[in-house]
Trainee: 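Below is a structure I'd like to ask you about.
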Amino acid sequence: MFNIPRGTRDFTTEEMHKRRYIEEVMRSTFQSFGYHEIKTPTFETLELFTAKSGQEIIEELYFFKDKGDRDLALRPELTAPVIRFYVDKLQMAPKPLKLFYFGNCYRYDRPQKGRYREFSQAGCELIGTDTAEAYAELIALAYRILQNSGVKTLILNIGNLNVLSSIFNQLKLSKKQQKYLIPLIDKSLFEDVLDALKDFGINSKEAENLVKILQTEDLQIIKDFLKDDSAKQELVALEKILNLLEKAFGIKNYKIQMRIVRGLDYYKGLVFEIEAPILGAEKQLCGGGAYDLISLFGGKDSSSAGFAIGFDRTIVALESENYKFPKTKMDAYIIPLNEELIETAINIVQEIRSEGFTADMDLLRRGIGKSLKYASSINAKNAVIIGPDEIKQDSVTIRDMDTGEQKLIKINNIINFLK
Ligand code: HAM
């Protein structure tokens with residue numbers, strides 16, 4: 001007996017139907033927003049992921065040496081690979097570049113419901129623009145993909161890392177102190193943030209103000225707190241994005257949240273996350289924002305932003321909300337009643353398939369009873385029964401599998417009947 005590796009999953013045919021269906025909804029939403037699909041390899045050089053994040057990220061990676069002694073890693077995400085691809089081959093492409101992808105990712109995470117070691121992301125990268133309309137459209141796309149997929153309850157949180165770091169600087173927090181605070185803020189552990197600030201020698205009034213800023217949804221309160229002009233301008237830019245998101249894209253139920261810190265190290269400026277509260281602990285369905293990687297990878301500096309949706313979590317959210325996935329149907333199941341009729345059955349099944357219908361036939365030479373039972377187990381709409389009596393009249397019997405109603409149909413009329 002072999003066991004499946006920890007944190008990985010097998011998918012049954014029913015699960016694959018669901019996954020493919022949702023993947024198609026997501027793909028067509030990306031395409032409707034003018035995005036084009038790309039694909040990058042499952043493994044990359046280890047350095048691609050340590051370049052920005054440092055050696056610390058190694059803890060989370062699956063990495064190995066190949067036979068040529070090269071250090072490689074299974075990708076934990078696709079932003080770094082896409083930017084590597086961009087710097088290598090796509091820099092001359094007309095801007096803005098709108099790229100989307102589906103891909104398996106690997107993280108040495110502690111597995112639990114909604115958290116796997118092998119999982120799938122649906123994501124995109126927008127390169128060459130940083131206008132308010134570009135960012136508003138990006139957030140709207142993430143939101144619409146999840147809505148179109150059928151997730152009912154979504155929470156959209158929007159923040160800005162430049163504003164956050166300006167708040168930190170205002171309190172004269174060192175980089176080391178900021179690094180200590182970020183995971184606490186990420187987990188919304190505000191009591192611990194207050195304790196840490198006290199330990200750092202920040203007076204309690206200022207510490208409470210900071211925690212208030214991290215939790216408020218009111219831009220004005222944040223504006224009043226900020227002293228730095230560039231941070232104030234950053235808020236004005238954020239306001240423009242929110243205004244377009246609300247008035248032009250019709251997405252009103254977002255929350256301003258300066259506590260959004262994002263786990264990855266490449267973000268700057270705008271950041272956003274979408275949650276499905278029904279998922280509990282692993283509720284984050286989507287994360288994204290503006291980031292800097294192009295110049296680090298040797299490319300000519302250009303604005304870049306994007307997001308990734310956890311595909312597996314989207315499916316779990318839909319299942320938890322009792323989403324009715326469409327059932328796949330087989331248009332026709334063909335049953336020859338004896339061996340002499342097998343060739344005729346193959347001809348008929350081929351003809352039905354060539355007309356774009358889905359069709360299958362009995363390959364086990366079972367009797368009519370068992371064949372009908374099988375036909376209903378595969379959700380066949382019609383059973384096409386070919387018997388010696390029918391054939392004498394150039395006909396077949398077609399049984400409607402829902403109603404049980406049977407009709408004698410001429411062979412050359414089967415396609416019309418199915419239509
Ligand atoms: P991320 O937040 O690390 O962002 O991942 C995006 C989404 O992938 C998460 O919101 C979550 O739904 C899903 N996810 C992450 N880890 C796991 C796991 N172990 N099991 C199941 N699902 C998981 C990124 O990866 C960035 N590259 C997004 C981005 C694109 N930013 C800019 N462009």
Side-chain angles (χ1 to χ4, degrees), residues 5-9 11 19 22 26 30 35 38 40 44 48-49 52-53 57 59-62 74-86 97-127 130 134-135 138-139 141-143 145-146 149 151 154-159 161 183 186 260-294 303-318 320:
R6 192 161 138 81
T8 67
R9 290 149 302 152
F11 298 106
R19 291 173 72 88
I22 297 300
M26 292 185 174
F30 274 125
Y35 280 74
I38 52 166
T40 61
E44 298 272 355
L48 181 74
F49 303 109
K52 181 80 191 180
S53 308
I57 199 182
E59 293 291 305
E60 291 169 37
L61 293 179
Y62 276 90
L74 297 182
R75 60 184 175 203
E77 55 107 39
L78 282 96
T79 304
V82 170
I83 296 305
R84 172 199 49 71
F85 181 21
Y86 166 77
L97 211 53
K98 293 176 133 184
L99 309 170
F100 78 93
Y101 49 79
F102 288 89
N104 284 7
C105 301
Y106 303 84
R107 294 186 191 178
Y108 200 74
D109 265 331
R110 182 188 282 264
Q112 62 184 85
K113 190 173 181 190
R115 181 182 287 276
Y116 314 101
R117 291 186 170 170
E118 183 189 51
F119 62 98
S120 229
Q121 282 187 346
C124 69
E125 312 301 337
L126 171 65
I127 302 171
D130 62 356
Y135 287 166
L138 185 73
I139 300 171
L141 172 58
Y143 198 79
I145 288 178
L146 289 169
S149 298
V151 187
L154 294 167
I155 296 175
L156 167 60
N157 294 315
I158 303 177
L161 291 183
D186 192 25
I260 301 289
V261 289
R262 307 286 300 125
L264 300 155
D265 301 301
Y266 44 60
Y267 293 100
K268 53 147 210 200
L270 176 77
V271 281
F272 62 96
E273 291 179 350
I274 305 176
E275 299 169 357
I278 198 159
L279 290 181
E282 299 303 322
K283 63 184 173 193
Q284 194 186 304
L285 282 186
C286 172
Y291 59 87
D292 243 349
L293 274 181
I294 296 177
S303 304
S304 53
F307 64 79
I309 291 173
F311 188 80
D312 310 84
R313 287 188 194 171
T314 308
I315 302 285
V316 179
L318 289 168
S320 310

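When a ligand or atom number is given, it counts from 1 through the structure's own listing order.
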Trainee: Short list, please: which atoms of ligand 1 are under 4.0 Å from a heavy atom of Gly114?
Mentor: 20 (N), 21 (C), 22 (N)
Trainee: Any side-chain heavy-atom pair from Lys268 and Leu161 closer than 4.5 angstrom?
Mentor: no
Trainee: Quick check: does any side chain N or O of Tyr291 sit under 3.5 Å from a backbone N or O of Gly289, one acting as donor and the other as acceptor?
Mentor: no
Trainee: Heavy-atom contacts under 4.0 Å between Phe307 and ligand 1: side chain, backbone, both, or neither?
Mentor: backbone
Trainee: So, is Arg115 polar-close to ligand 1, with some N/O to N/O distance under 3.5 Å?
Mentor: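 No; the residue has no nitrogen or oxygen that sits under 3.5 Å from a nitrogen or oxygen of the ligand.
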Trainee: Among Phe272, Tyr116, Tyr106, Tyr101, which one puts a heavy atom closest to atom 19 (N) of ligand 1?
Mentor: Tyr116
Trainee: Which atoms from ligand 1 have a heavy atom of Cys286 less than 4.0 Å away?
Mentor: 10 (O)
Trainee: Calculate, to the nearest 0.5 Å, the distance between atoms CZ and CG belonging to Arg84 and Leu78 respectively.
Mentor: 10.0 Å
Trainee: Answer side chain, backbone, both or neither: which part of Gln284 comes under 4.0 Å from ligand 1, heavy atoms only.
Mentor: both
Trainee: Taking non-hydrogen atoms only, is Arg117 closer than 4.0 angstrom to ligand 1 via side chain, backbone, both or neither?
Mentor: neither
Trainee: Which pair of non-hydrogen atoms, one from Arg313 and one from Gly114, has the smallest distance, and what is that distance?
Mentor: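 Heavy-atom minimum between the residues: NE-O, 2.6 Å.
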Trainee: Is a donor on one side and an acceptor on the other found under 3.5 Å between the side chain of Glu77 and the backbone of Thr79?
Mentor: yes
Trainee: Please say whether the positively charged group of Arg19, taken as NZ for Lys or CZ for Arg, lies over the ring of Phe311, i.e. under 6.0 angstrom from the six-membered ring centre and within 45 degrees of the axis.
Mentor: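 Because its charged atom misses either the 6.0 Å distance or the 45° angle limit, Arg19 does not stack over Phe311.
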Trainee: Of the listed options (Ala308, Ser120, Gly306, Ala290), which comes nearest to atom 32 (C) of ligand 1 when hydrogens are ignored and any heavy atom counts?
Mentor: Gly306
Trainee: Of all the heavy atoms in Glu273, does at least one lie under 4.0 Å from an atom in ligand 1?
Mentor: no
Trainee: Does at least one non-hydrogen atom of Tyr266 fall below 4.0 angstrom from an atom of ligand 1?
Mentor: yes
Trainee: Within ligand 1, which atoms have a heavy atom of Leu285 less than 4.0 Å away?
Mentor: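 Atoms satisfying the 4.0 Å criterion: 10 (O), 12 (O).
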Trainee: Ring centroid separation for Tyr35 and Phe100, is it under 6.0 angstrom?
Mentor: no
Trainee: Should you measure from each heavy atom of Glu125, which atoms of ligand 1 turn up under 4.0 Å away?
Mentor: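 This gives 30 (C), 32 (C), 33 (N) as the contact atoms.
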Trainee: Hey, is ligand 1 close enough to Asp312 that some N/O pair sits below 3.5 Å?
Mentor: no
Trainee: Any atoms of ligand 1 less than 4.0 Å from a non-hydrogen atom of Arg262? List them with their elements.
Mentor: 1 (P), 2 (O), 4 (O)
Trainee: For Glu125 and Leu97: C-alpha separation, side-chain torsions, deciding distance, then whether side chain to side chain contact (heavy atoms under 4.5 Å, CB included) applies.
Mentor: CA-CA 8 Å; Glu125 312 301 337; Leu97 211 53; over 6 Å; no
Trainee: Could you check Cys124 against Leu99 for side chain to side chain contact (heavy atoms under 4.5 Å, CB included), going step by step and ending with a plain yes or no?
Mentor: CA-CA 5 Å; Cys124 69; Leu99 309 170; over 6 Å; no
Trainee: For ligand 1 and Gln121, I'd like to know whether there is a polar contact (N/O to N/O, distance under 3.5 Å).
Mentor: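 There is such a contact, yes.
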Trainee: Could you list the atoms of ligand 1 found under 4.0 angstrom from a heavy atom of Gly287?
Mentor: 10 (O), 28 (C), 29 (C)
Trainee: Is the positively charged end of Arg107 above the ring of Tyr62, judged by distance under 6.0 angstrom from the centroid and angle within 45° of the axis?
Mentor: no
Trainee: Have a look at Thr79, Ile274, Leu126 and point out the one with the heavy atom closest to atom 30 (C) of ligand 1.
Mentor: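 Selected option, by shortest heavy-atom distance: Thr79.
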Trainee: Taking distance alone, with N or O pairs closer than 3.5 Å, would you say Phe119 contacts ligand 1?
Mentor: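 Not met; the criterion fails.
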Trainee: Using the six-membered ring of Tyr108, assess whether NZ or CZ of Arg117 lies under 6.0 Å from its centre and within 45 degrees of the ring axis.
Mentor: yes
